[in-house]
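Okay, structure first, notes after.
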Amino acid sequence: MKLKAIELEKSYDPKEFEQRLYEEWKKKGLFAPNGDSNAPKYSVVMPPPNVTGILHMGHALNNTLPDILVRYHRMKGEDVLWVPGTDHAGIATQNVVERFLLKEGKTRQQLGREAFLKRTWEVKEKHHDIIAMQLETIGCSCDWKHERFTMDEGLSHAVREAFVTLYERGLIYKGNYLVNYCPKCGTALADDEVEYKEIPGKLYDVRYPYSDGSGFITVATTRPETMFGDVAVAVNPDDERYKDVVGKMLVLPLTDRQIPIIADSFVDIAFGTGMVKITPAHDPNDYQCGKRHGLEAINILNPDGTLNDNCPEKYRNLGVLEARKLVIDDLKTQGYYIGEKDHSHEVGHCYRCGTVVEPYLSEQWFVKMDTMAQKALDAWRNDEVRFFPKKWENTYVHWLENIKDWCISRQLWWGHRIPVWYCNECGNMMVRREDPTCCEKCGSSHIRQETDVLDTWFSSWLWPFSTLGWPEVTPDLKRYFPTDSLVTGYDIIFFWVSRMIMASLEFLGKVPFRDVFLTGLVRDKLGRKMSKSLGNGIDPIEVVKLYGADAMKFTLAHSCTQGQDILIDMDSFKMGSRFCNKIWNAARYLLMNLDGVTLKDFKEVKLGTMDKWIIQQLNQASRKVGEGLESYKFNEAAQAIYEYFWNDYCDWYIEASKDSFYSADQDKKDNSMTILLEILKKSLLLMHPFIPFITEEIYSKLPNTDGYCMTSSYPLFDSSIDYSFEAKLVSTMQEAVRLVRNVRGDIQIPLDKKIHVVIRPDSADDAASFMEEKKSLFAGFMTCDRLEIDTDRKLDVKNALPVAGSGFNVFVFVKDAINVDDEISKLEKDIAKNKASLTQTLAKLSNEKFVNNAKPEVIEKEKGKQAEFEEKIQKAEQHIKALRSF
RNA sequence: GGCGGCGUAGCUCAGUGGGAGAGCGAUAGUCUUACACACUAUUGGUCAAUGGUUCAAAUCCGUUCGCCGUCACCA
């Protein structure tokens with residue numbers, strides 16, 4: 001059957017088809033697992049983005065990479081599940097909604113818990129749709145039917161099960177402890193939710209008088225306002241200066257309280273005055289010190305960060321900074337103030353809102369982490385989980401080895417309310433999977449639920465199995481847990497990765513994933529983290545609008561090297577865009593030339609040298625892509641694709657095919673087109689995981705395809721293909737072509753000026769006959785009108801510029817255009833360079849130690865180099881002679 | 001302070017024991033029957049410095065300098 005030409009748009013325009021194809025894939029259910037229980041399964045969970053956020057480049061990256069993996073495995077015929085979903089992000093979301101309320105002049109307290117939550121769910125729904133749309137826009141082939149949300153019914157069930165189980169195992173406890181507290185967010189934070197930043201501050205020297213009126217001592221403090229919580233002053237027991245004063249009492253200035261001087265070895269003799277005020281309720285070191293000495297902890301702050309009733313009346317309800325000023329003024333006027341000096345120190349800030357975090361003594365819930373951490377370490381030691389790149393294992397191990405208990409209660413409304421009830425009558429506490437209706441002890445129905453909610457990470461750490469139905473043992477859980485790969489940023493190793501491993505081991509006895517691939521962070525060209533406040537972020541959706549999702553994905557994959565952050569700007573994505581345009585035009589070219597072509601059965605087509613060569617190159621590219629993906633070297637895989645398609649398929653193979661394309665021989669053309677299309681089809685399949693849309697679109701237009709690109713089988717490396725012989729011939733041809741082009745470029749002969757070239761092989765070998773056979777093709781590549789292969793060495797080349805190749809000489813008839821002296825001096829430089837290389841090689845080969853120690857293939861290679869250098873030198877010397885006789 | 005990373009072409013980065021690479025840029029030419037988002041050619045590097053191991057080092061080890069990240073800290 002004779003084909004008709006197919007028109008593609010003149011240039012690549014992803015807007016034409018990306019969205020359409022996504023809808024089609026989705027409608028046809030191609031994202032769902034194939035359900036083939038005989039095939040291996042491959043499962044991945046998406047790191048759930050914050051439901052009130054907007055996707056940034058980091059999300060684009062850590063969803064692009066799993067998409068590549070997932071599409072690759074899907075095409076390999078595996079039963080693939082990629083679970084998408086979102087995270088309720090307690091603090092962040094509550095902040096967002098409170099900001100909305102503020103604009104309406106309301107607070108959440110005015111609204112009440114119920115109404116506030118209703119409002120938050122509405123915001124969640126709206127934002128969720130935006131995020132889902134964004135994930136679709138960037139082409140994620142996740143199974144939307146499996147989509148989950150950390151606060152949906154099933155996951156809430158899982159959270160409750162996890163909490164109660166841990167409580168029953170004695171791994172959850174409640175207590176009054178010093179925690180990190182954000183006054184702005186109004187909640188406790190876990191240790192790792194605090195970011196330390198260096199802040200310029202002051203170190204104040206303050207006088208504390210002895211109670212007996214015998215003088216005073218001097219303490220140094222950065223936070224004078226906390227003095228109302230002071231319960232002692234400590235000195236180092238080895239500090240000779242203060243040996244005698246330990247045990248004496250002091251009067252706390254601005255108050256009428258008395259506090260003792262105690263001895264504790266944590267005090268640094270060399271720092272400040274060597275005397276430290278001890279404020280157990282507001283400093284972690286002081287807290288420990290207070291515990292050691294059985295001291296009371298006086299809390300001086302209200303939950304909103306203002307001073308409370310434990311302070312003298314005039315300071316109450318002032319903010320910390322305000323109070324600090326007033327305290328300093330009062331110390332000055334009352335003669336207790338000695339002086340101050342600049343002192344920069346690390347101050348903790350809330351990772352969600354940036355407010356200075358207060359150490360705050362309060363009733364909180366904790367998870368005991370040591371045994372779980374131990375299990376997580378063992379799993380790593382037993383090689384049950386692998387990190388890519390490996391260096392992050394240090395971070396993981398170090399964190400687990402120094403783990404502290406995890407504060408999981410948050411004084412928020414948005415989140416999983418802690419499943420604990422108290423009886424108002426008898427004070428009984430109940431930890432329950434189901435909501436109780438009355439006190440189990442006294443039968444009273446006057447019970448109340450704990451008002452705190454759980455840390456969001458307490459639901460995320462269950463994600464790899466809660467999304468699959470846990471605690472129910474569902475078919476999904478049985479089939480897809482543990483998952484295979486996790487792709488996420490290294491900044492959440494503690495928050496998420498480590499904790500998921502702990503939870504999976506604790507609840508299911510298995511690690512949640514075999515491999516963890518940790519991406520670098522996406523930064524701007526100056527290396528700065530992309531952030532809203534700097535305004536240096538790139539919106540992935542804008543990138544898609546400008547260049548298309550494929551261009552974005554390919555560029556990201558291409559720049560994704562292990563262990564490096566990715567520095568990019570908007571222009572960086574041109575790379576991917578150009579590549580897509582190249583692919584588009586290659587296809588366009590073939591399709592426009594289909595007219596009158598009858599495709600043959602590829603298996604029956606006779607393959608020529610060039611055909612075997614491109615098959616070899618394609619197969620080698622498959623190998624590199626496979627190896628790259630199996631080891632998470634996305635850049636290597638993407639580069640292999642780029643080089644293969646652009647340099648081999650477009651620049652040489654398609655160009656070479658033009659020879660038969662424009663010949664009058666229809667059979668030759670049919671033959672050529674059949675192979676071109678077959679190779680294009682395989683190339684599209686190979687590239688599909690990286691650039692799904694354009695490959696699917698072109699695939700659908702090809703006359704030799706049916707079905708979907710995304711569900712066709714992947715062109716894996718075939719070890720039975722070996723066309724290295726043909727590869728050698730073609731590379732000799734390419735060398736000859738390049739040499740002629742060099743001459744043309746060097747002496748600036750315009751393309752329209754045809755030239756006469758003679759290639760004289762050193763011997764009548766395979767390369768010589770290949771060149772003879774493909775003479776007209778060569779002539780095309782060289783743009784010369786007259787090409788002769790002088791295998792018999794009979795032609796007169798006396799007046800031609802000689803150029804040395806490996807195994808042949810090229811003679812270009814451009815006598816009039818060259819400057820003989822220039823050419824000679826070029827050759828002399830060449831000789832000098834090759835002689836230097838030859839000397840090195842000879843030195844190696846004559847070195848007994850080298851010959852004895854080096855691997856045989858290295859020695860062989862070195863011998864090859866020797867021959868090559870000698871050949872080049874000898875040829876160049878001959879050529880100089882020839883030139884002198886011009 | 002502990003741990004870790006980085007320093008390779010003008011820029012962004014690959015390369016981890018055997019002849020220095022890519023993309024972008026720059027320069028020169030070309031609208032050569034798909035692609036000017038293209039083609040062809042050229043340019044460009046003491047592989048931070050220094051010492052060592054080795055027949056052989058950008059690559060392994062030591063030291064120094066510079067940059068960065070983390071964790072832990074001093075009131």
Side-chain angles (χ1 to χ4, degrees), chain A residues 8 10-12 192 196 203-204 219-223 226 233-234 266-268 270-279 283-286 289 343 345-346 389 391-392 394-395 397-399 402 490-491 493-494 521 525 527 547 551 555 558-559 561-569 571-572 574-593 633 635-636 639 642-643 650-651 654-655 658 661-662 738 741-746 748-752 780 783 837 840-841 843-845 847-855 857-859 861-862 864-865 868-869:
Chain A
L8 285 189
K10 171 132 193 212
S11 79
Y12 162 67
D192 41 23
Y196 289 89
L203 188 62
Y204 303 92
V219 299
T221 179
T222 52
R223 303 192 55 189
T226 63
V233 166
F266 98 91
V267 179
D268 180 355
F271 190 88
T273 58
M275 285 195 148
V276 191
K277 62 198 247 345
I278 300 299
T279 322
D283 180 278
N285 284 309
D286 293 4
C289 175
H343 175 72
H345 55 151
E346 296 281 317
K391 66 171 178 178
W392 293 114
N394 290 332
T395 307
V397 168
H398 182 261
W399 188 73
N402 296 281
Y490 63 77
D491 50 336
I493 292 177
F494 310 140
L521 267 30
K525 281 277 184 190
Y547 299 115
T555 305
H558 191 269
S559 17
T561 57
Q562 284 192 14
Q564 277 290 120
D565 286 346
I566 298 176
L567 274 59
I568 44 167
D569 59 16
D571 278 353
S572 309
K574 279 184 182 161
M575 200 276 299
S577 175
R578 282 176 181 162
F579 184 50
C580 290
N581 186 59
K582 187 72 185 175
I583 297 168
W584 184 262
N585 275 290
R588 175 168 174 264
Y589 166 72
L590 296 193
L591 294 176
M592 72 171 50
N593 280 294
K633 291 179 178 165
N635 60 325
E636 290 182 9
Q639 274 164 34
Y642 185 97
E643 282 166 17
C650 292
D651 287 352
I654 290 187
E655 288 307 317
K658 288 180 179 172
F661 244 58
Y662 297 107
R738 287 199 185 98
R741 284 175 178 173
N742 286 356
V743 170
R744 200 186 263 283
D746 266 6
Q748 308 239 2
I749 304 168
L751 281 174
D752 55 356
T783 48
S837 304
Q840 278 184 357
T841 295
K844 278 187 187 176
L845 286 169
N847 184 334
E848 231 176 88
K849 285 180 179 165
F850 173 76
V851 180
N852 292 337
N853 292 320
K855 284 176 278 185
E857 59 266 32
V858 173
I859 296 172
K861 198 174 172 195
E862 218 54 40
K865 276 156 72 177
E868 181 194 327
F869 296 140

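Protein chains get the first letters and strands the later ones, always in sequence-line order, with residue 1 at the start of each. Every value quoted in this text rests on a predicted model; they were computed, and no experiment measured them.
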Starting from [atom2] on [N], measure out to [atom1] on [X] and report it in whole angstrom.
X      : N     : atom1 : atom2 : result
A/Q840 : B/A56 : CD    : C1'   : 11 Å
A/E857 : B/G19 : CD    : P     : 12 Å
A/I749 : B/U30 : CD1   : C1'   : 14 Å
A/E848 : B/C55 : CD    : P     : 12 Å
A/E862 : B/G18 : CD    : C1'   : 7 Å
A/K855 : B/U54 : NZ    : P     : 18 Å
A/F850 : B/A57 : CZ    : C1'   : 15 Å
A/W399 : B/G2  : CH2   : P     : 24 Å

message = Check the orientation of A/Y642 and A/H558. Use parallel for under 30°, tilted for 30 to 60°, and perpendicular for over 60°.
response = tilted

message = Parallel, tilted or perpendicular: which one describes the rings of A/F494 and A/W399, with boundaries at 30° and 60°?
response = parallel

Mind checking [X] for me? I need base, sugar-phosphate or nothing, with any heavy atom below 4.0 Å counting as a touch.
X      : value
A/F494 : sugar-phosphate
A/E346 : base
A/N635 : sugar-phosphate
A/N853 : base

Should [X] and [Y] count as side-chain neighbours, where that means a heavy-atom distance under 4.5 Å?
X      : Y      : answer
A/R223 : A/T279 : no
A/I859 : A/L845 : yes
A/Y12  : A/I583 : no

Suppose you measure atom [atom1] in [N] against the same atom in [M]; what distance do you get, rounded to whole Å?
N     : M     : atom1 : value
B/G7  : B/A49 : C1'   : 11 Å
B/G15 : B/C60 : P     : 12 Å
B/A9  : B/G23 : C1'   : 12 Å
B/U54 : B/U59 : C1'   : 13 Å
B/C47 : B/A58 : C1'   : 4 Å
B/U70 : B/C11 : P     : 25 Å
B/U53 : B/U16 : P     : 25 Å
B/C67 : B/U32 : C1'   : 49 Å

ask   = If the sugar-phosphate is the primed atoms plus P, OP1 and OP2 and the base is the rest, what is the B/S/- string for nucleotides 34-42 of chain B, using protein heavy atoms under 4.0 Å?
value = BB-BSSSSS

Both distances under 3.5 Å, Watson-Crick or G-U wobble: report the partner of [N], or none.
N     : result
B/G1  : B/C71
B/G29 : B/C39
B/A58 : none
B/U46 : none
B/G7  : B/C65

query = Should A/N394 and A/H398 be marked as a side-chain contact (heavy atoms from CB on, under 4.5 Å) after you check the CA-CA gap, both sets of side-chain angles, and the distance that decides it?
reply = CA-CA 6 Å; A/N394 290 332; A/H398 182 261; 5.9 Å; no

Could you list all N or O pairs between the protein and nucleotides 5-13 of chain B that sit under 3.5 Å apart?
none

query = Given the rule in the side-chain contact (heavy atoms from CB on, under 4.5 Å) test, do A/E868 and A/S837 qualify, once you have shown the distances and angles that lead to the verdict?
reply = CA-CA 10 Å; A/E868 181 194 327; A/S837 304; over 6 Å; no

inquiry  = Quick check with a 6.0 Å cut-off and a 45 degree axis cone: is A/K658 positioned over the face of A/Y589's six-membered ring?
reply    = yes

query = Which nucleotide, B/A14, B/G18, B/A75, lies nearest any side-chain atom of A/Q639?
reply = B/A14

inquiry  = Would the base of B/G19 count as contacting A/E868 through its side chain, where contact means a donor and an acceptor less than 3.5 Å apart?
reply    = yes

ask   = Going through the distances and angles, do A/D491 and A/L521 end up as a side-chain contact (heavy atoms from CB on, under 4.5 Å)?
value = CA-CA 8 Å; A/D491 50 336; A/L521 267 30; 4.0 Å; yes

remark   = Result for 5'-nearest mapping on RNA chain B, choosing between A/V851 and A/F271, is A/V851

request  = Work out which heavy atom in A/C580 is nearest to a heavy atom in A/A551; give both atom names and the distance.
outcome  = SG-N, 4.2 Å

request  = Check the pair A/F266 / A/D286 against side-chain contact (heavy atoms from CB on, under 4.5 Å), numbers first and verdict last.
outcome  = CA-CA 9 Å; A/F266 98 91; A/D286 293 4; 3.9 Å; yes

ask   = Short question: side chain of A/N585, backbone of A/N581 - any donor-acceptor pair under 3.5 Å?
value = yes

